[in-house]
Amino acid sequence: MAIGYCCISNGINIGRRPKDFIKVNRGMIRKTFLEKGLPYASELSLLNLIDCLEVLKYNVKNKIFVYRLSSDMIPWFSEFNLEELPDYTKICSLLKKIGDYAKTNTIRLSAHPGPYTVLASETESVVEKSIDDLNKHSQMMDLMGLDATRYYPINIHINTTQPTREEAAERFTENFFLLDENTRKRLTIENDDKLSQYSVKMLYEFIYKQIKVPICFDQHHYKYGPQDQTMEEALKLAYSTWGSIKPLTHMSSSRRIEDVSSKETAHADFLYEKIETFGLDFDTDLECKEKDIALFKYRKDYGVL
DNA sequence: CATGGTCAAGTGGCA
DNA sequence: TGCCACTTGACCATG
């Protein structure tokens, strides 16, 4: 099992002055985008991608071979196509470098578009934007030269249950076919942390059975989602959907351990429990606020690499 | 350089 | 009804 973290490295900036911070998610507010437009978006994208490569090098130095790419590397990407950026050529060559570096060093990259990506939305414009967003994630991976397989997954939640779980899931399976081919080959789906949303079993019944999209198991979400299986059953069912690809899972602890006033579904700074594998081999993203620092602590606390 | 108000997007749960 | 949470706080005007 290889363990990684998501998007932001906290450790890489220890000892650096704020102006020298390495970060992959420089952005801007709407007002600035309207004022400065594509040239500035291009400039920030370049800086983010340069730093992304630095983060990968830092990861290898620290024996971290699983890493989730930030979805915020290209600011305002919903508003233009990559080809429109003044630095398009440089951006392509950087993406290629990132992919080459990842492959040479066997880093497993993934992406996880967020709450605004609702492929199953009842609103047509939201579906269109979601398709565009997913295809753009896939396009970046294409430019990185990454295989279009679930070894480099683009993982999403269903993000809606309107008007019912079953109907939303059905829309998901229909809209799936509107995605670019490589996007479809990369897509995976994740269980939710709310009783009203999707358990692993529901994803399996409503979606996997129809379109064979593998299920990314989130152990923390499992605890707060519909309790229709034991954790072992849910993990094993999700595991069974990955075929020959090593499954990817998510792990985190409840923030309530650190702050009794916070919501139990919120994520903690660190992981406070050992990852239960039930004898299976899979990769894991730690979803902890302290990022790579949380990974180092986990290794130390549990004596694992 | 530090601080605090403000900030694209969709959906759902909670005070 | 408005805020929080979500895969991740960060931007930027001001002092």
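Convention: sequence-line order gives letters A, B, ...; per-chain numbering from 1.
- Here T265(A) lies in heavy-atom contact (under 4.0 Å) with sugar-phosphate atoms only.
- In this structure, T117(A) does not reach the dG10(B) phosphate: none of its side-chain N or O atoms is under 4.0 Å from OP1 or OP2.
- Checked by distance alone, N159(A) brings no side-chain donor or acceptor within 3.5 Å of a matching partner on the base of dT11(B).
- The CG-P distance, from D193(A) to dA5(C), rounds to 12 Å in whole Å.
- Taking only side-chain nitrogens and oxygens, Q162(A) never comes nearer than 4.0 Å to OP1 or OP2 of dG10(B).
- Here S121(A) reaches the OP1 or OP2 of dT11(B): one of its side-chain N or O atoms lies under 4.0 Å away.
- Using a cut-off of 4.0 Å between Lys/Arg side-chain N and Asp/Glu carboxylate O, D285(A) and R68(A) are scored as salt-bridged.
- Closest contact between the side chain of I8(A) and the listed nucleotides dA9(B), dG13(B), dG9(C) involves dG9(C).
- The aromatic rings of Y224(A) and H220(A) lie perpendicular to each other, with more than 60° between the two planes, well past the 30° mark.
- Distances shown here put every side-chain N or O of K194(A) at or beyond 4.0 Å from the OP1 or OP2 atom of dT11(B).
- The shortest distance between the side-chain N/O atoms of K289(A) and the OP1/OP2 oxygens of dC6(C) is below 4.0 Å.
- The separation of dT8(C) from dA2(B), taken at their C1' atoms, amounts to 23 Å, rounded to a whole angstrom.
- Using a 4.0 Å heavy-atom distance criterion, N155(A) is classed as making no nucleic acid contact.
- Applying the 4.0 Å criterion to OP1 and OP2 of dA5(C), one finds that R255(A) has every side-chain N and O outside that range.
- Contact annotation for G114(A): base contact, defined as any heavy-atom pair under 4.0 Å involving a base atom.
- Of all nucleotides present, only dA13(C) satisfies the Watson-Crick or G-U wobble test against dT3(B), with each distance under 3.5 Å.
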